[in-house]
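Just below is one structure, and these are the notes that go with it.
Lettering follows sequence order; numbering is per chain, from 1.
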Amino acid sequence: MSEALHYQSIAELSAALQARRISAVELMQAVIARTQAVEDRVHAFNSYDVGDALAQASASDERRARGEARGPLDGIPIGLKDVIAVTGQPLTASSRMLKNFVSPYDATVTRRLREAGAICWGRLNMDEFAMGSSTENSAFGPTANPYALDCVPGGSSGGSAAAVAAGETIVSLGSDTGGSIRQPASFCNVVGLKPTYGLVSRYGLIAFASSLDQIGPFGRSVEDTAMVLGAIAGHDPLDSTSWRAEVPDYRAALQARRGPWRIGIPREYFGEGLDPEVAASVQAAVRFYESQGCTVKDVSLPHTEYGIGVYYIIATAECSSNLARFDGIRYGHRSKEAKDAVEIYSKSRAEGFGAEVKRRIILGTYVLSSGYYDAYYLRAQKVRTLIRQDFLNAYRDVDVMLTPTAPTPAFRRGAKADPLAMYLCDIYTIGVNLAGLPAVSVPCGFSADGRPIGMQLIGQPFGEAELLAMAHTYERAHTWSQRRPTL
Amino acid sequence: MSAPSSSSTDLNIDHVASLARLALTPEEKAHFASQLGDVLDAIEKLKRVDVTGVEPTAHAFPLFNVWQADEARAGLSVQEALRNAPAQRDQMIVVPKVVE
């Protein structure tokens, strides 16, 4: 029994398109119909352009009719987080500051997806400027978790995760600065991958914290995720931090690489604050890998407890600098109350930014201000070195590390009003960004009341193929990924 | 009397908001000062780490001397570049007078 079109895999849909059993327009119409049926409950999108999506689908069908189909992604809808530029479409970062902004160009990932024939579909909701862990910090209203509508989908890429889980798109892209792909993936029972820093171009991604940000894919399966990663990865001269790495065939690697792997279990990730149901699910996954012949080794990342502090210095410092460009002059919101140039800056920013963005700009400005730089920013950069060395030391003995993605399953909307409590949601994901490593969240269970649980596999630099193969090995032997939400 | 947290009292929110060109309401100032005091307390524990001789990391994989080929490429047209301007006239962005 095959599933409804909007829940099928890229491989199934691609085969159906190739055999002319369906057209790209029919597929897009099915995804649009599904979106229109559930969006009043999920609110994964800030906006979507039905006419533009159907025109892209029609162009895909014409290519195929001419025998010029571009590969397995041709005709496949992919949702993009509303922080990634798409020519002629809104680009809001879920902020009042950019409420009316229309992108004049494509991000490199957008261009590469177009070149692969994929259909860029909709602008997905997020925490404002990617700052948050619940998608509650959106100026356009929160997104709901498709598996528990009174709960958050995680964040900041909550719309990207929820849309994939709810069948409102086949796959999607998000961005991850401290866990913003992996944590929502774990909350929404989907796969989400944060690539090695530099593997995917950031050109056309609205910057939050430039030394930590990476764009990455979401899918309902490891294979779908691998196929999207293959399309967007690779060197880009428009991003000076882009790495000249060879891009392997990630999909082929799923079959070719079979382990057995040496798996490290960092003991600092299984301590106080870890929900018992999450712990049990992750430990069951560890036992599965052992049963497959993998070696499991206890490892230590001793500077883990400093990760949150380092992150909230470095990320806010970089954000205060990056968001200085939103000054009401050249683009974005301009206050009508301003009497002079300086007031245009300060009032436009006051009216355009939400509370969390303001808090982070204040904190970032403070840690960079005269007299505090050495005590905060420079010290944080040094501790960042120690956190990175912890990982590299551990990788002398193991190939990959396995941890929970988040300390708990999805929480209720409004449950974490205190900023510090929200920041602690990212405790297991932040170290990966500080160290620049790749990591993937994979569905590994459900709580008794039906909320998804994810595990995180952390790889070595540019070890995405190994990570995806390891995730695929688990996925093939379990059925979590096949459980759909009731909507 | 308990000593006030040093980090909380160090944060002069008026000064920092002025540096950030961010007009905050009195309520926001009070709220943020208290919330950020909590965050700064959490950050204080970095002072326990011995960082003697440790080099700072700005990027996990730093690249240096990254150059683009010096080739002319098409850019945005004036119309496209001004599309999102809050106020424009004669192919220019309109701003208040800053020099008398």
Ignoring hydrogens, what is the shortest heavy-atom contact between [X] and [Y]? Give both atom names and the distance.
| X | Y | result |
| --- | --- | --- |
| B:E80 | A:P104 | O-CB, 4.2 Å |
| A:S240 | B:V66 | O-CG2, 3.5 Å |
| A:E305 | B:K45 | O-CE, 3.4 Å |
| A:I362 | B:V16 | O-CG1, 3.3 Å |
| A:G332 | B:P86 | O-CG, 3.6 Å |
| A:A350 | B:A23 | CB-O, 3.0 Å |

Looking at A:P237, is its backbone amide N or carbonyl O close enough to the side chain of B:Q68 to form a donor-acceptor pair, meaning the two atoms are under 3.5 Å apart? yes
When you measure from the side chain of A:R359 to the backbone N and O of B:Q35, does any donor-acceptor pair fall under 3.5 Å? no
Of the backbone (N, CA, C, O) and the side chain (C-beta and beyond), which part of [X] lies under 4.5 Å from a heavy atom of chain A, both, or neither?
| X | result |
| --- | --- |
| B:V49 | both |
| B:V54 | both |
| B:Q88 | neither |
| B:L22 | both |
| B:I93 | side chain |

Under a 4.5 Å cutoff for heavy-atom pairs, which residue among B:T25, B:V94, B:I43 has the most contacts with chain A? B:I43
If you count heavy-atom pairs within less than 4.5 Å of chain A, which of B:A42, B:A17, B:A58 leads? B:A58
Going by heavy atoms in the side chains, are [X] and [Y] under 4.5 Å from each other?
| X | Y | answer |
| --- | --- | --- |
| B:L46 | A:I313 | yes |
| B:L36 | A:Y366 | no |
| A:R334 | B:V95 | yes |
| A:D340 | B:P96 | no |

Six-ring centre of A:Y105, B:R83 cation under 6.0 angstrom, axis tolerance 45°: no
Region of [X] in contact with chain B, defined by heavy-atom distances below 4.5 Å:
| X | answer |
| --- | --- |
| A:S348 | neither |
| A:S210 | backbone |
| A:N100 | backbone |
| A:H333 | neither |
| A:Y377 | neither |
| A:I308 | neither |
| A:A341 | both |

What distance do [X] atom [atom1] and [Y] atom [atom2] have between them, rounded to the nearest 0.5 Å?
| X | Y | atom1 | atom2 | value |
| --- | --- | --- | --- | --- |
| B:E55 | A:L386 | CD | CG | 11.5 Å |
| B:H15 | A:T365 | NE2 | OG1 | 10.0 Å |
| A:L363 | B:L11 | CG | CG | 8.0 Å |
| A:T241 | B:H59 | OG1 | NE2 | 6.5 Å |

Determine whether B:L24 and A:K358 satisfy the following criterion, side-chain contact (heavy atoms from CB on, under 4.5 Å), listing intermediate values before the conclusion. CA-CA 9 Å; B:L24 299 180; A:K358 289 178 184 174; 4.0 Å; yes
Out of [options], which one racks up the most heavy-atom pairs below 4.5 Å with chain B?
| options | result |
| --- | --- |
| A:G328, A:A375, A:S346 | A:S346 |
| A:N433, A:L238, A:L434 | A:L238 |
| A:A355, A:A380, A:G364 | A:A355 |

